Structure formats: structure tokens, C-alpha cells
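Below is one structure, written out as C-alpha cells; comments come after it.
Basis for what follows: all heavy atoms, side chains included, without hydrogens, waters or symmetry-related copies. Numbered from 1 within each chain, the chains take letters A, B, ... in sequence-line order. Only a predicted model underlies this, so the values are computations on that prediction, with no experimental measurement involved.
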Number of protein chains: 2
Amino acid sequence: MSLHALKLAPQDCGDCPIRHRAVCARCDGPELAKLEEMKYYRSFEAGQNVVWSGDRMDFVASVVSGIASLTQTMEDGRRQMVGLLLPSDFVGRPGRTIAPYDVTATTDLVMCCFRRKPFEEMMGSTPHVAQRLLEMTLDELDAAREWMLLLGRKTAREKIASLLSILARRDVGLKAKAAKGPISFDLPLTREEMADYLGLTLETVSRQMNALKRDGLVELEEKRRIVVPNFDRLANETGDDSDGGFLS
Amino acid sequence: MSLHALKLAPQDCGDCPIRHRAVCARCDGPELAKLEEMKYYRSFEAGQNVVWSGDRMDFVASVVSGIASLTQTMEDGRRQMVGLLLPSDFVGRPGRTIAPYDVTATTDLVMCCFRRKPFEEMMGSTPHVAQRLLEMTLDELDAAREWMLLLGRKTAREKIASLLSILARRDVGLKAKAAKGPISFDLPLTREEMADYLGLTLETVSRQMNALKRDGLVELEEKRRIVVPNFDRLANETGDDSDGGFLS
DNA sequence: CGATTGCCTTGATCAGGATCAAATGAAAGG
DNA sequence: CCTTTCATTTGATCCTGATCAAGGCAATCG
């Protein structure tokens with residue numbers, strides 16, 4: 001089961017320019033009008049910080065384009081990524097003013113923001129939004145739990161294979177898991193970010209990437225350009241059940 | 001920051017016999033009456049399975065007493081606990097019929113159940129419940145992310161210290177972190193369950209428990225009876241920030 | 001009462017990743 | 001063009017926690 005790919009499926013608004021519609025269960029109606037009025041955009045460039053853990057955070061937002069990551073850091077510098085936000089994902093929680101982790105733009109990033117207070121009020125009066133948000137949060141919780149299995153029990157090789165599967169599946173169009181041809185995509189993460197995602201060191205990530213390459217499971221043309229010739233064969237290395245997960 | 005303890009705080013109904021009030025933002029009103037009519041209880045004894053991953057699950061429930069655990073298992077038997085449910089915690093998700101992980105009674109357990117369909121309908125008409133559920137889910141997500149940091153980056157010793165801190169803090173009454181005296185409590189988990197929680201083997205758990213004992217951070221009188229003479233000293237071993245976390 | 005079972009401890013050894021260190025390569029800038 | 005910088009690779013070594021294997025200790029049961 002993928003960590004993030006599935007989240008997009010139910011409400012993905014495709015080319016719709018108003019990606020924040022993802023927060024609304026229906027892409028029209030009066031609540032959308034209210035959201036329209038409230039929204040404003042913020043852009044960040046790759047590497048830039050959005051908020052620090054402990055900062056006051058007076059807005060909630062959804063990702064329009066690019067990738068953001070949530071990370072937790074220990075005093076001595078050990079770091080663990082705890083969330084990877086793709087377009088249409090949501091950050092920030094109603095009812096909490098202090099950010100519990102760092103939010104960073106991993107690639108160039110555009111977010112669609114709403115000030116928290118009015119957003120909360122709107123939520124109170126429009127049950128659709130609260131319900132949609134609940135759904136999204138439950139999906140994220142499931143993803144987090146899958147991730148916990150990865151962190152706690154998988155080998156380095158399985159971790160890498162899992163991450164690559166997730167990214168490959170996402171790039172191929174979500175449910176087209178029947179896609180039999182080769183899949184190619186650009187890695188949006190550095191080796192270090194991959195390491196933070198997987199609970200490894202960057203050296204181990206590098207070594208295992210090359211091991212997968214040696215074994216013919218992926219091709220690495222340009223360090224960040226990945227080709228997966230046979231998705232199922234890669235998926236076999238993840239340690240996950242073969243079926244690929246199920247929902248609803 | 002504790003993983004589970006904090007979840008109880010905002011809505012803990014104390015001695016209230018109707019613990020499932022935790023799902024309702026207000027412990028009265030018409031929605032409670034509806035919940036009252038719908039509820040039914042189920043009991044399990046320690047070790048008994050509640051649902052298997054992949055099973056159809058036609059109910060949602062909240063824990064009345066005892067402890068339940070959520071675990072994920074790989075084909076080869078590697079297991080990772082991904083949730084520990086304490087009284088007033090909620091299981092099951094509206095809109096999903098298939099259980100994504102095993103639910104097991106860790107101790108004797110009583111759950112207050114609601115059939116899923118009517119519960120969902122009720123949720124649609126009573127925004128309070130949806131909102132309360134959203135809050136609880138967000139708390140659980142935060143807990144899961146803290147847990148990810150533990151699994152991905154902490155040493156065995158830090159992991160054990162973290163778990164014991166969580167349990168100690170819970171038993172002492174949640175926010176009474178100023179409790180300066182010794183704290184004592186019964187471990188609700190076997191060494192193996194602790195290992196599954198922490199992403200370790202039971203041998204390592206055993207060794208590190210005894211290491212903490214040797215270092216005077218905990219006393220082990222009866223294998224399952226823990227005394228923490230100085231909570232702050234234990235908390236220093238967790239690798240977490242000293243302050244103990246913050247909310248809202 | 002001895003035998004069984006479940007849970008925990010302890011010891012010896014091994015190995016998967018971490019760590020430390022250096023080299024490579026590519027892109028950006030002066 | 002040379003230098004700098006950043007991401008990545010590669011190598012050598014170390015160490016934490018896993019693995020394999022006994023043994024201890026209560027509680028339960030025949």
C-alpha cells in the first residue's frame with residue numbers, strides 16, 4: 001500500500017487551478033465561495049523553510065505545486081522526516097497555534113493558505129469541510145502507520161525499494177498499477193532527504209541505490225533520474241504484501 | 001511529548017461510566033442520546049484478537065477499559081505495533097469497511113461499539129461528533145509522528161526510556177509532570193510487545209531494561225512492576241527536548 | 001509433587017548499518 | 001579556465017542491536 005499516492009486519488013482535482021478544492025468534499029457550493037475569498041498564495045523556493053517547529057502558525061494551507069516535508073529534529077541533530085506533502089495535501093491543524101515540526105520546501109513550492117481563525121469558523125458552519133478534513137487526516141494516519149512499519153522493521157534495501165515504489169506509483173498515475181511498461185521519474189529528494197525519510201544515513205542510501213541498480217531493479221542515468229523497468233519486480237523487494245493494498 | 005497520554009486529557013470523562021462520551025465534544029445534548037441508543041459492549045480477554053487485518057469491520061468503537069494494540073505484520077512474521085489504545089481512544093474509521101491492521105486485546109478489554117452505518121449517518125447530522133473525531137485523529141497523527149522519530153532515530157536505550165516515560169506519565173495523572181515523588185506502575189506489555197512497539201527484539205528490550213535498572217533510573221521489583229524514582233532523570237534519557245512538549 | 005508452559009534473562013557470536021575519511025563529478029561563479 | 005560548492009560515491013573500520021542458544025523462574029496443571 002502506498003504511503004502518499006492514494007491520498008490524491010479520491011479528490012484530486014486534476015488540472016483544476018484551484019487545487020485547494022481538495023479540502024472541500026464537493027468542488028462547488030457556498031463553502032467554496034467562502035474559501036475563495038479567504039485564500040492567499042505563498043511561494044517558497046527549494047530548500048527554504050516554511051515554519052520552524054515551535055513557531056506560531058496562524059494559517060492552514062494546502063499544497064498547490066511542489067513538495068514540502070515535515071521533519072522532527074533532536075537536539076543533537078538527528079533528523080527524521082515525518083511527512084511528505086504532495087500537491088493537494090493539507091498542512092496545519094485547526095485548534096493548534098504552535099507548529100509541532102519543521103515544514104520545509106523540498107522543491108519550489110506554492111501553497112494556498114487560509115488564516116486559521118476564519119478557517120476554523122467556516123469549518124464550524126460547513127460540515128462538509130470538517131468531514132473532508134477528517135477523511136484526509138485518517139488517510140494520513142494510515143500512511144504514517146505504514147511508515148512506522150518501514151522504520152521499525154524493514155531492512156535498508158526494503159526501505160529504499162519501498163520509497164522508490166511509492167514515488168514510481170505516484171508518478172505513473174496512481175491506480176494504474178497495471179502499467180506494465182517501464183516507469184521513469186525524477187527523484188524529488190536528495191540522498192540525505194531520502195535518508196531522513198527512511199531512518200538511514202545518506203551513505204547507506206547511496207550504497208543500496210547502487211545495489212538495486214546492479215541487480216537491475218532500477219536504472220540510474222543521471223543520479224536523480226530513475227527508470228523502473230519492471231514495477232512488480234521492484235515491489236517484490238519492499239517486503240510488503242504483493243497485492244498492493246486495498247481501500248474502503 | 002507523550003504519545004498517548006495527552007490524548008486523554010482534553011475530553012477525559014474521568015469516572016464517568018459512559019466513556020464513549022469521548023467521541024462527543026460535549027458530554028450532553030441530543031447527539032449523546034443518539035449514541036446511547038446505538039451503543040453495545042464487547043469484552044475480550046487478554047491476548048484475544050478483536051479483528052484481523054483484511055477483515056470486514058462493520059463497527060467503530062471506543063475503549064472503555066483495558067488496552068488494545070494495533071499491529072502490522074509482514075509475511076515473514078516481522079511485526080510492528082502501530083497503535084496502543086487506552087481507555088477513551090477510538091478505533092475504526094467511518095468510510096472504510098476493511099480493517100487495515102490487526103487489533104488485539106493486550107489486557108482484558110471492554111469496548112463500546114457502534115455499528116458503522118448508523119454512526120456515519122449520525123455523524124453527518126451532528127457536526128460536533130465529526131469535529132471531535134477530527135481533533136482526536138489529529139492528536140493520534142501527532143503521536144504517530146513522534147513515534148516515527150523514535151523508530152527511525154533513537155537508540156535502544158532511548159527507545160526504552162521513552163516508552164517508560166510515556167507509561168509513567170500516563171499513570172501519574174497526565175499533566176502532573178511536576179510530580180516529584182517516585183512513580184510506580186504496572187507494565188501492561190510483555191517484553192515482546194514492548195519490542196514490537198519499539199522496533200527492537202525482546203532480548204534487546206530485556207538487556208536495556210536491566211541496564212536502566214543498573215543505572216538506577218528504574219527499579220524492577222517484579223518484572224512487571226516499575227518504579228521510577230526520579231522522572232526527570234528518566235526523561236533525560238529519552239533524547240527528547242526537556243520541556244516535555246506543548247499543545248495548542 | 002514433578003512436568004509443562006509462558007515469560008524473562010543471559011551469554012556468545014554475527015552482521016547490517018553507522019561512522020569516519022577521501023575521492024569524484026557536475027554545476028555555478030568569478 | 002580555474003575555483004568553489006554541493007551532491008554523491010566509495011572504501012575501511014567500528015559498534016549497536018540481531019541472532020542463536022541455554023538457562024532460570026513462576027504459575028498452572030495433571
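- Here the closest non-hydrogen pair linking A/R78 and B/R153 is NH1-O, 3.0 Å.
- The two atoms that bring B/V60 and B/G92 nearest to each other are CG1-C, 4.0 Å, heavy atoms only.
- Note that the first and last nucleotides of DNA chain D, 5' to 3', having any atom under 4.0 angstrom from a heavy atom of chain A are D/dA7 to D/dA12.
- When all heavy atoms of B/P100 and B/S53 are compared, the pair lying nearest together is O-OG, 3.6 Å.
- Taking atom CD on B/E193 and atom P on C/dC8, their separation rounds to 9 Å, with Å as the unit.
- The minimum heavy-atom distance between B/F185 and B/L167, with the atom names listed, is CE1-CB, 3.6 Å.
- Put simply, CD on B/E222 is 17 Å from C1' on C/dG6, counting in whole angstrom units.
- Atom-to-atom, CG of B/L200 to C1' of C/dG16 comes out at 15 Å; the value is rounded to the nearest Å.
- Scanning all heavy atoms of the two residues, the minimum distance from A/N49 to A/V103 falls at ND2-O, 3.4 Å.
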* Going through the distances and angles, do A/M74 and B/E158 end up as a side chain to side chain contact (heavy atoms under 4.5 Å, CB included)? -> CA-CA 12 Å; A/M74 298 168 70; B/E158 287 169 338; 4.1 Å; yes
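- Put simply, CZ on B/R224 is 8 Å from C1' on C/dC7, counting in whole angstrom units.
- As rounded to whole Å, 17 Å separates atom P of C/dG16 from atom CZ of A/R153.
- Whole-Å rounding puts the B/E203 CD to C/dT10 P distance at 13 Å.
- The number of heavy atoms from other shown groups lying within 6.0 Å of CD (A/E221) is above 12.
- Across the protein-nucleic acid pair, B/E221 atom CD and C/dC8 atom P stand 16 Å apart, rounded to whole Å.
- Shown here for A/T107 and A/P188, the closest heavy-atom pair between the two residues is CG2-O, 4.1 Å.
- The CG atom of B/L220 sits 18 Å away from the P atom of C/dC7 (whole-angstrom rounding).
- Distances shorter than 4.0 Å separate none of the side-chain N or O atoms of A/R207 from OP1 or OP2 on C/dG17.
- Here B/G47 lies out of heavy-atom contact (under 4.0 Å) with every strand.
- Considering only side-chain atoms of A/T204, the nucleotide from C/dG17, C/dC8, C/dT10 that sits closest is C/dG17.
- Taking the charged nitrogens against the carboxylate oxygens, B/R79 and B/D102 have no contact shorter than 4.0 Å, which rules out a salt bridge.
- Residue whose closest nucleotide on DNA chain D sits further toward the 5' end, between B/V205 and A/T190: A/T190.
- Contacts with DNA chain D (heavy atom under 4.0 Å) in residues 154-164 of chain B: B/T155, B/A156, listed by number.
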